[in-house]
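Numbers for residues simply follow the sequence, beginning at 1.
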Amino acid sequence: MGDGVVGERRQLINVAYRLLGSLAEAEDAVQEAYARWYALPPSRRDEIASPGAWLTTVTGRVCLDVLGSARARRERYVGAWLPDPLPGRAGRPHGTSGDPADQLVLDESVTMAFLVVLETMTPAERVAFVLHDVFRYPFAEVAGVLDRTPAACKQLAASARRRVRTGAPAPAGGQAETVRRVKEAWEAKDIAALVDLLDPAAVMTAVGGGLAGAALRPVEGGPHIARYMAGIAEKAPGLELLERPVNGTPGLVARRAGTVLTVAAFDLAADGRVARVWVIRNPEKLRVWAGDGAPSPR
């Protein structure tokens with residue numbers, strides 16, 4: 001049975017990352033669930049018909065506690081708080097199965113746009129929505145995590161679903177081409193070209209966590225964002241911009257001397273222009289990108 005329990009880790013990491021938006025916190029939550037499993041007397045473990053369901057319930061409860069305390073911690077965070085960006089498959093060496101990022105399934109439920117909407121939910125809404133709508137757990141099992149009735153969990157998921165509908169911008173194709181054009185305009189410090197690529201009401205959120213320079217408040221409006229981006233390019237000679245998948249969608253990575261300093265994720269408006277830019281500069285959130293630090297082929 002031990003091997004079967006270990007085999008649940010991938011699923012648990014996927015659940016916990018979507019619940020918490022942090023790789024380190026997700027891994028800690030899963031470790032705590034396993035610690036509680038192995039602390040059970042062998043006779044009690046033998047009585048549990050589905051160890052995977054038991055571990056999911058415990059992981060969900062641990063994540064619920066973390067989400068409750070995270071509210072206070074994130075209010076003390078310097079500037080905005082954003083989820084940890086995930087490299088795409090091309091962005092890191094594959095096969096390092098001990099790395100939690102390597103366990104994650106990159107689908108629409110981990111795009112930066114989706115995770116940012118999840119951040120607007122209450123902890124209970126987020127748990128109900130992620131477990132039921134994303135992972136298809138029945139409300140009877142969700143009820144065991146939240147210690148509420150299945151009917152109450154159904155209501156929580158419905159409330160969360162409304163947030164997703166109002167918070168997620170319209171999908172638009174051609175993101176790779178738009179991101180490529182943003183990269184070229186950014187490298188050329190071409191403010192006019194950047195303004196053309198940005199929605200007039202675009203919003204850019206940057207996070208440094210107090211460990212790297214970043215705008216403490218969101219930058220609003222295409223022209224303001226274009227000038228901000230051009231200013232960054234002006235102050236950062238030797239910065240290399242690379243097109244890389246970020247949370248499964250086309251994004252940009254900036255590195256200097258082989259070290260990733262910034263990861264940018266994008267979301268498009270219905271007309272194909274950039275509506276949202278998320279810029280992550282906090283080195284603690286970029287540790288998983290170290291595998292992208294090799295010099296690019298010349």
[atom2] on [Y] to [atom1] on [X], rounded to 0.5 Å:
X	Y	atom1	atom2	value
E141	F135	CD	CZ	13.5 Å
D28	S22	CG	OG	8.0 Å
S50	E8	OG	CD	7.0 Å
T111	L106	OG1	CG	10.5 Å
S109	L118	OG	CG	8.0 Å
E284	L286	CD	CG	10.0 Å

Would you call [X] and [Y] a side-chain contact if the rule is heavy atoms closer than 4.5 Å?
X	Y	result
V182	M229	yes
Q175	F266	yes
T56	L12	yes
V127	L67	yes
L268	T178	yes
C153	H132	no
H224	E220	no
V246	L86	no

Can you tell me if [X] uses its side chain to pair, donor with acceptor, with the backbone of [Y] under 3.5 Å?
X	Y	result
W278	M112	no
T57	A53	yes
N247	V110	yes
E125	T122	yes
Y34	V5	yes
R163	T120	yes
D84	L23	yes
W289	T259	no

Measure across [X] and [Y] and return the closest heavy-atom pair with its distance rounded to 0.1 Å.
X	Y	answer
A33	T59	CB-OG1, 3.2 Å
L82	V207	CG-CG1, 3.6 Å
T149	A143	C-CB, 4.0 Å
R126	R18	NH2-O, 3.1 Å
M121	F129	CE-CD2, 4.1 Å
L40	R45	O-NH1, 3.0 Å

* Asked: Looking at residues at least two apart in the chain, or sitting in another chain, which of them share a ring pair (Phe, Tyr, Trp, His ring centres under 6.0 Å) with Y137?
  -> none
* Between R180 and E243, does at least one N-O distance fall below 4.0 Å, as a salt bridge requires? -> yes
* Is any NZ, NE, NH1 or NH2 atom of the basic residue among E27 and R9 found under 4.0 Å from an Asp or Glu carboxylate oxygen of the other? -> yes
* **side-chain contact (heavy atoms from CB on, under 4.5 Å) partner of V130, chosen from L19, L20, V142** => L19
* May I have the step-by-step check of salt bridge (charged side-chain N to carboxylate O under 4.0 Å, His left out) for E32 and R36, ending in yes or no? => CA-CA 6 Å; E32 173 64 20; R36 294 185 191 181; 2.8 Å; yes
* Pairs touching residues 55-67 that satisfy salt bridge (Lys or Arg N to Asp or Glu O under 4.0 Å), sequence neighbours left out -> none
* Heavy atoms of other groups near R181 CZ, more than 12 under 6.0 Å -> no
For residues 189-204, which side-chain donor-acceptor pairs fall under 3.5 Å, sequence neighbours excluded?
from : atom 1 : to   : atom 2 : distance (Å)
D190 : OD1    : A192 : N      : 3.3
D190 : OD1    : A193 : N      : 3.0
D199 : OD1    : A201 : N      : 2.8

* Asked: Taking it one step at a time, do V179 and L252 satisfy side chain to side chain contact (heavy atoms under 4.5 Å, CB included)?
  -> CA-CA 7 Å; V179 169; L252 293 176; 3.7 Å; yes
* Checking side chain to side chain contact (heavy atoms under 4.5 Å, CB included) for the pair R255/L242: CA distance, chi angles, key distance, verdict? -> CA-CA 8 Å; R255 69 185 185 189; L242 305 162; 3.3 Å; yes
* Asked: Would N14 and R10 count as having a side-chain donor-acceptor pair, cut-off 3.5 Å?
  -> no
